[in-house]
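The block underneath contains the structure these notes are about, expressed in structure tokens.
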2 protein chains.
Amino acid sequence: MQCAQELGYRSNVLARSLSNHKTFTIALILPTLTNPFYPEIVEALEHTARDHDYQTLFCNTHFHFELGRLQMERMMSRWVDGYIIMGSSMDIADITRYFQQGVPIVLCDWQENEAPPGIPQVSVDFYRAGQLAAQHLLDLGHQHVAIIVDEQQQALRLEGFASTMQEAGIALLHEKIQSGASTLESGYSATKNLLAHPQRPTAIFAATDWMAMGALEAALDAGLRVPEDLSVIGLDDIMLSAHLHPPLTTIAVPKAQLAQETMDLLLKQINGDKDVPALRLVEPYLVSRQSTTTNTTA
Amino acid sequence: MQCAQELGYRSNVLARSLSNHKTFTIALILPTLTNPFYPEIVEALEHTARDHDYQTLFCNTHFHFELGRLQMERMMSRWVDGYIIMGSSMDIADITRYFQQGVPIVLCDWQENEAPPGIPQVSVDFYRAGQLAAQHLLDLGHQHVAIIVDEQQQALRLEGFASTMQEAGIALLHEKIQSGASTLESGYSATKNLLAHPQRPTAIFAATDWMAMGALEAALDAGLRVPEDLSVIGLDDIMLSAHLHPPLTTIAVPKAQLAQETMDLLLKQINGDKDVPALRLVEPYLVSRQSTTTNTTA
DNA sequence: CTGAAAGCGCTAACAT
DNA sequence: ATGTTAGCGCTTTCAG
């Protein structure tokens with residue numbers, strides 16, 4: 001025992017895994033790291049994984065489903081214990097196949113349009129997030145509001161936002177709904193479009209902070225002051241948001257909690273737990289900063 | 001063969017690894033993901049790794065050497081093929097021990113004060129980067145310049161900057177050298193200090209873009225316009241920098257190239273290549289945007 | 001050129 | 001309590 005220490009003996013995890021059918025490795029599959037939201041999630045997820053003595057195999061699909069499938073196959077033949085798959089990184093059809101074969105999988109921050117059939121999922125209550133954003137703008141007296149959103153993948157944010165507006169007697173006209181992918185650039189061009197309209201909105205809800213950064217940039221380029229001329233509210237509360245000019249008001253996603261719930265559902269499956277909850281929602285909340293203010297237009 | 005396909009047979013990488021003494025896994029060890037520079041590097045590194053059919057085990061030490069050692073031990077007993085270790089993530093003493101045992105290791109973007117004894121390293125020519133920053137400010141006619149830098153870990157940037165200033169007959173007074181870690185917050189407070197001096201500088205070189213973002217924020221809070229009242233230049237050229245207000249002038253680090261060279265040195269070691277170069281430098285270059293302008297003070 | 005067997009380093013189920 | 005052995009799924013070597 002003692003001389004094992006001296007000879008620098010190290011138990012071989014590979015051999016143990018082969019024998020145990022357990023690798024203490026989980027895979028983390030995500031679509032990109034470009035949106036700053038993902039690094040923050042990765043940091044939280046890797047941390048909780050390590051808390052449970054798991055190591056993380058990292059896999060970036062660059063929004064490319066084919067690449068996702070390839071990577072997944074490689075992981076499968078490595079006997080990875082479980083998979084955390086983030087929204088937009090893989091084809092749900094592929095995932096479903098694996099899940100039906102009994103592979104432990106948790107969807108994290110999944111697309112809002114597809115209901116994954118029975119695959120455990122932890123996500124933010126995006127419908128509520130949309131409502132919170134709408135309510136905040138309503139509280140500030142805004143009537144002419146617009147939204148920048150990926151109508152496919154972020155359907156719930158849109159629905160929540162529209163419903164609260166509706167309740168306040170404000171119809172969200174089609175022209176006030178700008179489609180855009182979750183990138184700064186698309187936030188920028190969507191805002192350009194919105195501001196080009198004859199009656200421009202007094203407030204914009206961008207479905208992610210990353211888009212909201214583009215909105216801020218576009219407003220500035222158009223010679224508008226934020227928040228005096230235009231209020232902007234985002235969603236995610238990435239670290240950057242507190243340091244923008246002006247600091248961004250946003251609907252925050254509790255990332256550590258998201259990570260913990262995700263890991264929890266994954267471990268339950270790995271440990272052979274029978275009834276794993278199919279859905280767990282995490283509650284978003286408003287973080288009020290300086291990019292929104294009361295509406296002063298007639 | 002064909003029916004193996006039908007039965008969904010998958011060759012077991014674990015067993016192969018056990019037999020082959022080769023796992024086709026590399027470890028990527030870094031200090032944090034908070035600084036946006038790291039996600040960009042991770043994306044590049046993971047991409048090149050995959051190009052060579054390697055998968056990436058991800059490990060974030062949160063600047064905590066002890067955690068780094070723990071993780072490294074776990075990886076070692078997994079027979080990871082090689083290690084890419086980024087600056088500030090692990091104790092060089094530990095790394096040296098492993099390297100002497102014959103473990104393939106490449107240091108990437110390493111601290112500028114420690115010369116790792118014989119461990120292959122690929123980094124940016126930070127001395128040159130400092131010179132480029134200085135030259136740019138000199139070209140714009142700035143005389144009263146300051147630098148925000150981690151004097152320990154970013155010594156070369158400081159030396160390069162100071163040397164070029166020196167050649168132009170400008171002594172970099174001690175009070176114009178502000179220490180700071182590579183964070184937005186420390187860039188902010190360092191700039192506050194600098195601007196509080198009776199004769200404030202007309203230009204600031206921040207050793208990373210992440211710090212420069214803090215500098216921009218501090219200047220704004222102090223009621224100064226950038227670049228009219230204060231020029232700011234950074235280093236890294238993270239994606240964000242192009243979208244700041246004003247867009248940040250910076251010394252760019254070619255990240256894809258950094259990643260490729262790193263992977264190249266690592267593969268050489270893994271393949272048992274005899275003479276692996278001890279150091280490979282990547283050339284930085286100036287990206288001129290709107291945060292710097294000609295000096296207009298008397 | 002195809003087929004059997006030993007071994008990679010560990011765990012777990014045995015027998016002593 | 002301790003010691004031995006079969007087996008995890010693959011590769012490689014050695015026979016047939």
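Letters A, B, ... mirror the listed sequences (proteins, then strands); counts begin at 1.
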* Is B:E43 reaching over with its side chain to a backbone N or O of A:L33, donor-acceptor style, under 3.5 angstrom? -> yes

* Between P of C:dT11 and CG of B:L18, the distance in whole Å -> 12 Å

* To do: Could you tell me the separation between the NE2 atom of A:H21 and the P atom of C:dA12, rounded to a whole number of Å?
  => 11 Å

* Interatomic distance, A:R16 CZ vs D:dG9 P [rounded to whole Å] -> 18 Å

* **Interatomic distance where CG belongs to A:L14 and C1' belongs to C:dC10 [whole Å]** => 10 Å

* Please answer whether the main-chain N or O of A:K22 pairs with a side-chain N or O of A:S17 as donor and acceptor at a distance below 3.5 Å. => yes

* Asked: OP1 or OP2 of C:dA12 less than 4.0 angstrom from a side-chain nitrogen or oxygen of A:N20, does that happen here?
  -> yes

* **Separation of atom NZ in B:K22 from atom C1' in C:dG9, rounded to whole Å** => 19 Å

* Short question: side chain of B:Q269, backbone of B:I105 - any donor-acceptor pair under 3.5 Å? -> yes

* Asked: Whole Å only: how far is the CH2 atom of B:W79 from the P atom of C:dC8?
  -> 9 Å

* Pairs counted as Watson-Crick or G-U wobble with both distances under 3.5 Å: what dot-bracket string results for DNA chain C, using | for bases tied to another strand? -> |.||||||||||||.|

* Look at all strands and tell whether A:S17 reaches a base, only sugar-phosphate, or nothing, counting heavy atoms closer than 4.0 Å. => nothing

* Compute whether any side-chain donor of one residue and acceptor of the other, for A:R16 and B:S77, lie under 3.5 angstrom apart. => no

